[in-house]
Amino acid sequence: PDGTMWMVVSDTIYRYMTDNWAQWSYSDVGARYIWDIGSAGEIPWFLGTNMDYRQMALKYEDQFTAFTPTDCASIENLSGIFKGEGNNTYFGAPDGYVELNNNAWKRKFFVPLQGLPGSPNVIESDNAGNLWTATPYGISRLDGTTWINYLESTDGETLGSIDRLT
């Protein structure tokens with residue numbers, strides 16, 4: 001809404017905001033590599049590895065704050081970032097997701113018994129707030145209580161393993 005755009009180029013994080021550029025090197029924020037960028041409402045998040053090659057999540061609220069497996073073991077293997085209800089932030093994780101609420105990290109699991117055709121590769125939300133997950137067999141959408149599975153395209157082509165959603 002405020003015209004801010006974040007990007008990662010080579011080993012630098014850039015922010016464009018109201019005709020002004022700011023930049024931070026990976027070493028400025030303690031990162032070795034960043035592979036994903038997303039937002040939870042107005043808060044930008046970055047997923048990557050720190051200088052010790054451990055996965056980390058970075059958020060920016062006037063300064064960068066890094067979270068590592070020392071803060072929460074569930075930070076390993078995160079994929080996808082999306083805003084939940086209230087101040088909740090969600091991150092896709094193998095077999096479910098990780099919820100951050102008021103600096104408390106909590107791991108949530110989905111299992112095939114709940115209607116998923118396999119373990120999630122990634123989880124995202126759409127503009128309407130629906131949760132979607134990619135599995136080795138296609139994509140699934142949570143309708144509130146039940147997973148609706150889409151394993152084929154409209155012309156009957158098997159979707160197979162999906163690695164990314166946006």
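- Considering only heavy atoms from C-beta on, R15 comes within 4.5 Å of T4 through its side chain.
- L151 and L131 sit in two unconnected hydrophobic clusters of ILVMFWY residues. Membership requires side-chain heavy atoms under 4.5 Å apart, directly or through other members.
- Taking NZ of K106 as the reference point, atom OH of Y97 lies at 9.0 Å (rounded to 0.5 Å).
- A distance of 11.5 Å separates CD1 in I43 from CD1 in I81, rounded to the nearest 0.5 Å.
- The aromatic ring centres of W6 and W21 sit 6.0 Å or more apart.
- S25 and S27 share a side-chain donor-acceptor pair at under 3.5 Å.
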inquiry  = With side chain to side chain contact (heavy atoms under 4.5 Å, CB included) as the criterion, how do T133 and W147 come out once you've worked through the C-alpha distance, each side chain's angles and the decisive distance to 0.1 Å?
reply    = CA-CA 9 Å; T133 186; W147 289 99; 3.7 Å; yes
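- Taking hydrophobic clusters as Ile, Leu, Val, Met, Phe, Trp and Tyr residues chained together by side-chain heavy-atom distances below 4.5 Å, Y137 does not share a cluster with L159.
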task = Could you walk me through whether S153 and D155 pass the side chain to side chain donor-acceptor pair (under 3.5 Å) test, one step at a time?
result = CA-CA 5 Å; S153 66; D155 62 2; 2.2 Å; yes
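- Once rounded to the nearest 0.5 Å, the distance linking CH2 of W132 with CZ of R141 reads 5.5 Å.
- Remark: the backbone N or O of D52 is paired with a side-chain donor or acceptor of N50 at under 3.5 angstrom.
- If you look at W45 and F67, their ring centroids are closer than 6.0 Å.
- Checked against the 6.0 Å centroid criterion, the rings of F91 and W105 qualify as a close aromatic pair.
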Quick one: side chains of residues 31-39, donor-acceptor pairs under 3.5 Å with protein atoms, not counting sequence neighbours, listed by atom name and distance.
from: R32; atom 1: NE; to: M51; atom 2: O; distance (Å): 3.4
from: R32; atom 1: NH1; to: Y53; atom 2: OH; distance (Å): 3.3
from: R32; atom 1: NH2; to: M51; atom 2: O; distance (Å): 2.7
from: D36; atom 1: OD2; to: G80; atom 2: N; distance (Å): 3.2

task = Go through N88 and E99 one step at a time and tell me if the side chain to side chain contact (heavy atoms under 4.5 Å, CB included) criterion holds.
result = CA-CA 7 Å; N88 294 1; E99 173 186 47; 2.9 Å; yes
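- In this structure, CG in L116 is found 12.0 Å from CD1 in I139, a value given to the nearest 0.5 Å.
- Contact record, L78 with Q55: N-NE2, 2.8 Å, taken as the closest heavy-atom pair.
- Hydrophobic clustering of Ile, Leu, Val, Met, Phe, Trp and Tyr side chains at less than 4.5 Å, counting indirect connections, keeps L47 apart from L58.
- Linking ILVMFWY side-chain heavy atoms closer than 4.5 Å, directly or via other members, places L100 and F46 in two distinct hydrophobic clusters.
- Proximity of the aromatic rings of Y14 and W24 is defined here by a centroid distance below 6.0 angstrom, and this criterion is not met.
- Checking side-chain atoms of N149 against main-chain N and O of G115 turns up a donor-acceptor pair under 3.5 Å.
- Here salt bridge (charged side-chain N to carboxylate O under 4.0 Å, His left out) pairs that include residues 55-75, with residues two or more places apart or in two chains, are K59-E61.
- Linking Ile, Leu, Val, Met, Phe, Trp and Tyr whenever their side-chain heavy atoms come within less than 4.5 Å puts M56 and I13 in one cluster.
- T158 contributes no side-chain N or O that, together with a main-chain N or O of G160, makes up a donor-acceptor pair within less than 3.5 Å.
- Y26 is linked by a ring-ring contact (aromatic ring centres under 6.0 Å, His included) to nothing, counting only residues two or more places apart in sequence or in another chain.
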